[in-house]
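Worksheet for the structure shown next.
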Amino acid sequence: MTKQQANWSPYDNNGGSCVAIAGADYCVIAADTRMSTGYNILTREYSKICKLADKCVMASSGFQADVKALQKQLAARHLIYQHQHNKQMSCPAMAQLLSNTLYYKRFFPYYSFNVLGGLDNEGKGCVFTYDAVGSYEKVGYSSQGSGSTLITPFLDNQLKSPSPLLLPAQDAVTPLGEAEAIDLIKTVFASASERDIYTGDKIEIVVVNADGIRREYMELRKD
Amino acid sequence: MFRNQYDTDVTTWSPAGRLFQVEYAMEAVKQGSAAIGLRSKTHVVLGCVNKANSELSSHQKKIFKVDDHIGVAIAGLTADGRVLSRYMRNECINYNFTYESPLPVGRLVVQLADKAQVCTQRSWKRPYGVGLLVAGLDESGAHLYYNCPSGNYFEYQAFAIGSRSQAAKTYLERRFENFTDSSRDDLVKDAITAIRETLQGETLKSSICTIAVVGVGEPFHILDQGTVQQIIDTFEIAAEQEGPAAEPDAATGQDTAVEQGAAADQGGSTDEGVAPMDI
């Protein structure tokens, strides 16, 4: 007699792709706006990007219900931090908080694949990339979600820094201008939406720099 | 006279049907430095007098932001006030998390009052020694509440608590009928004037008072010193033209009140541990 299996899953994958690129004094975070389930589209206009603090923005793909719950948790914790410290959380601090929050649910994870982007305390761009249970790393660029397998190799080709084993040591931050980075993002999403059925409709691009946060949109293939 | 027999713990009634420990807690509020609040239809202003233990120390923070739409000014044991502010902030965050909307002030003050009542009916607890002026906005407009250590709460058009608050109350009683339709700036001026009444002769400077405002379209925030000083300067000039009000209090009476005020504001001169949000 075989063990009984559940006939439902607590998780669903709503698809989509997220990308973030860090610059010397800016950070670009982008995600498509398509929300799907199975082979169907639920909506073409869903934002996967959330502003967590003044200079800290998160994009998440995966199961959007878990993503929403995660965003609410982080927002509440940020408010508590502000009450206690009288200031906004820095991006590296938020990065650690996100990691801890994810690992807290190690045995019933948030089905959420995140990229965190923003400016660190010195105003330099930073990007942190995560897995579903909180393992994270500071990088110069990253991509998550259904299109990541198509996007990451392209970003590697354009942006990858020389090996850290080489001397002299080189920065993790990409030497790219803000406009060039946005252009690269648009190119990368246009390519991904060609072959990934879950990526398309529109890209939402968020740019964090010393002047604040601004938003841009670009149309993508609707099929 | 017979108070001493029935005032040992909070769960003992006196023959006259009073709980002396609760009344003693209300005394602690009267000893704290003054806090005032006043409201119009759309705005609420809180003000307080900053008393520092010595010239060397910083003054205690007595006004706390609880949420974008709620703030609180305290008088009495400031440590108790800090703890209650933390509770209020938590309640607001949790409510917002669950209902995605701001916690109505009226609900918050009831929760606060119930929390205070618990301490009047447990033999191992003591009442909170702090009075809270809660200023908040909800769908029905601007509100000002006063929460007592006894667990009672009342809504006010304007109120003052703490030492020498009677002078401020007299001023507010004369003027409160006009507050409903006051503009925001007039309300702030009235608040500063009420504070000046409690100082009774002492020069009014922005360093000894703190003012905070919350209103429709204006999240709760504490006004910075520069702004407050500007307002003080404008009407000091006007006041000189009118002529100063007669203050019959003797200088000695004023000094005693100051000492009592400084002793009751416990919590030490440094407040590095939990800093309130004054964004």
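Labels below follow one simple rule: chain letters A, B, ... track the order of the sequence lines, proteins then strands, and each chain is numbered from 1.
- Counting non-hydrogen atoms of neighbouring residues, nucleotides and ligands closer than 6.0 angstrom, the CD atom of A:Glu45 reaches no more than 12 such neighbours.
- Residue-environment remark: OH (A:Tyr11) exceeds the threshold of 12 foreign heavy atoms within 6.0 Å.
- Heavy-atom minimum distance, A:Lys72 versus B:Phe97: NZ-O, 2.6 Å.
- Atom-to-atom distance recorded for A:Leu79:CG and B:Asp68:CG is 7.5 Å, nearest 0.5 angstrom.
- With a 6.0 Å radius and a threshold of 12 heavy atoms from other residues, nucleotides or ligands, A:Arg77 has its CZ atom at or below the threshold.
- B:Arg86 is not listed as a side-chain neighbour of A:His83, based on a closest heavy-atom distance of 4.5 Å or more.
- Within a 6.0 Å radius of NZ in B:Lys41, other residues, nucleotides and ligands contribute 12 heavy atoms or fewer.
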